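Below is one structure, written out as C-alpha cells; the observations come after it.
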Amino acid sequence: MGLERVASIDDLRLRARRRIPRFAFDLVDGGAESERNLRRNVEAFEEVELTPRYMVDVSDIDTRATLFGQTYDAPVGIAPIGMLNAFWPGADLTLARLCKRRNIPYVASSAASTALEALAKAADGNAWFQLYVSSDADVTEGLIARAEAAGYTTLMVTVDVPAAGKRDRDIRNQLSVPFRITPEVVAQLIANPRWSLETLRHGKPNVANYADLLQSATSYADVQKTLITPGFAWDDLKRLRARWKGTLLVKGILHPQDAEICAEMGCDGIVVSNHGGRQVAFGPATIEALPAIAEAVGGRLTVILDSGIRRGVDVLRAKARGADFAFAGRAFAYGVGAGGEAGAERAFEILHLELVRALGQLGVPSYGDFGPPRP
Ligand SMILES: Cc1cc2nc3c(=O)[nH]c(=O)nc-3n(C[C@H](O)[C@H](O)[C@H](O)COP(=O)(O)O)c2cc1C
C-alpha cells in the first residue's frame, strides 16, 4: 500500500506497528500505568465541538502563525522525543529536516538519540532545545552552554518528570539498561528485517547528548540520575530564567497556579502538556486543563499545547480554548515509523490538509483570526 492511501495519523500508526519490533513500537506508543491519560488526551479532543459559519470567502487559507518573532508556515511543531532512533533509525534527523522544509519548529530533546549540534544544523534556524535538569548541576550547565554555542535561542525546560513515569508495557517487554537480548527480542528482530538491518546500519541508538556519561551506567537508576532530578523547584526555575538570555518556555504545566507563577517569573511561554500521557494516568487531558490556564495567565505569556493531537482540527480546538500554537509528538513519530522521510512528510501533509479543510469548513480564512467561539 502506497503512502497516498494512508488517510490519517491513525493509519500511519498501524503501518508503523507492522514494521517495528514490538518492544520498540511500545516504547513510543505506550503511556503510564493503565494508559487512561493517553486515551483521554485523544477522546477529550473529540468532545470539543466547533460550529461552522458559512458564506465567508475561504478561497485563500492562511495557516501561518508567529511565535517569538518568527513566522512559521503552520501552527504545529514537533515536540521533543527522546531516543527516537530506537523507533526508526535516523528518525531524529528526518524530523529535524522536515521542520526546515516545512518551516515549523523542531524541539530537540535533551534525551535525543542525535547530538543537539547536529539537530540544530539539520533544522537550521527552526530548532529549539528541550532541557531536562539533571541532579548534577555541571551536567545541566554543560547542556545549556552547548545549546548556546550551537545557536539555539529558545529553551524549553521540561518540569513534569520529578520521577520517571511507570510504563507497564516497557516492564512487560523487559526493557532494561543495559539492553538485554532475550529470545523474545530475537524473534521480534527476525520478524522485522527492515528495522533490524537499518538499525545495524545506523548503529545502536543511545542518548547522544550524554553518551560519555552514560557509558558506565549499569542500571536504569543511574540513567535517571543523570537525566532528571526530583529536586528541581521554583527557585531553580528563577535561576534558570536569569541564566538563559533567550526565550524560555516551561513544558509540562497542568495547573493554573503553576502557569501564573511562570508568568510572574518572566518566562516567555508555557507548554500545557501531560507528556503525551507518559507520566501519570490520573491527570487531566491537556485540552481540559487548558481553559483555566489560559484564563489565569491572561495573555501574559505564550500558551502552547501538546498531548493528543491526532487531527489537524485539534490544533483549532486548542486555539478555541486559549492556546496560541500546538505541538505533536507521536503523530510525527508514527509518520517516520511508517515510511521514513516520506512517512514524516505524509504526517505533516495529513495534519496540514486537515487543518486547511477545517478552517474552510469553519468559515475562517486565516488561522490568526480564529479564536474562541463567536456568540
Ligand atoms: C517516545 C516519547 C519520548 C518523549 N521524550 C520526551 C523528552 O525527551 N522530553 C520531553 O520534554 N518530552 C518528551 N516526550 C513528550 C513529548 O514531548 C510530548 O509532550 C508528547 O509526545 C505529546 O503527546 P502526543 O505524543 O500525543 O502528541 C516524549 C514523548 C514520547 C512519545
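Here the structure is a predicted model, which means the values were calculated and not measured. First listed ligand is number 1; within each ligand, the first listed atom is number 1.
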Residue and atom name of the nearest protein heavy atom (relative to [atom]), distance in Å to one decimal:
| atom | result |
| --- | --- |
| atom 8 (O) of ligand 1 | S109 OG, 2.7 Å |
| atom 7 (C) of ligand 1 | Y132 OH, 3.1 Å |
| atom 19 (O) of ligand 1 | D306 OD2, 2.7 Å |
| atom 11 (O) of ligand 1 | T158 OG1, 2.7 Å |
| atom 20 (C) of ligand 1 | G276 N, 3.7 Å |

Exercise. With sequence neighbours left out, which residue pairs that include part of residues 289-307 fulfil the salt bridge (Lys or Arg N to Asp or Glu O under 4.0 Å) condition?
Worked result: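 Passing the test, one end in residues 289-307: E260-R300.
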Problem set entry | Short N-O contact, D235 and R239, less than 4.0 angstrom |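 Answer for the salt bridge query: no.
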Exercise. Has R243 got more than 12 heavy atoms of other residues, nucleotides or ligands less than 6.0 Å from its CZ?
Worked result: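 Yes - once you tally the heavy atoms of other residues, nucleotides and ligands closer than 6.0 Å, there are more than 12.
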Under the 3.5 angstrom rule, does the side chain of [X] hit a backbone N or O of [Y] as a donor-acceptor pair?
| X | Y | result |
| --- | --- | --- |
| E33 | A281 | no |
| E288 | A285 | yes |
| W244 | T247 | yes |

Hey, is [X] touching ligand 1 through its side chain, its backbone, both or neither, going by heavy atoms under 4.0 Å?
| X | value |
| --- | --- |
| I81 | both |
| R330 | both |
| S273 | side chain |

For this session: Counting heavy atoms only, name the option from G329, G82, P80, A331 that's nearest to atom 14 (N) of ligand 1.
Result: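 That would be P80.
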For this session: Using heavy-atom distances, let me know which of R278, R167, K251 sits nearest atom 29 (C) of ligand 1.
Result: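 Selected option, by shortest heavy-atom distance: R278.
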Identify, by atom number and element, the atoms of ligand 1 in contact range of [X], meaning under 4.0 Å from any of its heavy atoms.
| X | answer |
| --- | --- |
| V28 | 1 (C), 31 (C) |
| R310 | 24 (P), 26 (O), 27 (O) |
| A328 | 27 (O) |
| A79 | 16 (C), 17 (O), 18 (C) |

Exercise. Are Y334 and D11 close enough, and set up right, to give a side chain to side chain contact (heavy atoms under 4.5 Å, CB included), and what steps lead you there?
Worked result: CA-CA 9 Å; Y334 294 144; D11 287 357; over 6 Å; no
Exercise. Can you say whether the rings of Y132 and H275 are parallel (under 30°), tilted (30 to 60°) or perpendicular (over 60°)?
Worked result: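 Y132 and H275: parallel rings.
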Exercise. Would you say V159 and V303 are hydrophobically clustered, going by side-chain heavy atoms of ILVMFWY under 4.5 Å?
Worked result: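 Yes; V303 is reachable from V159 via cluster members.
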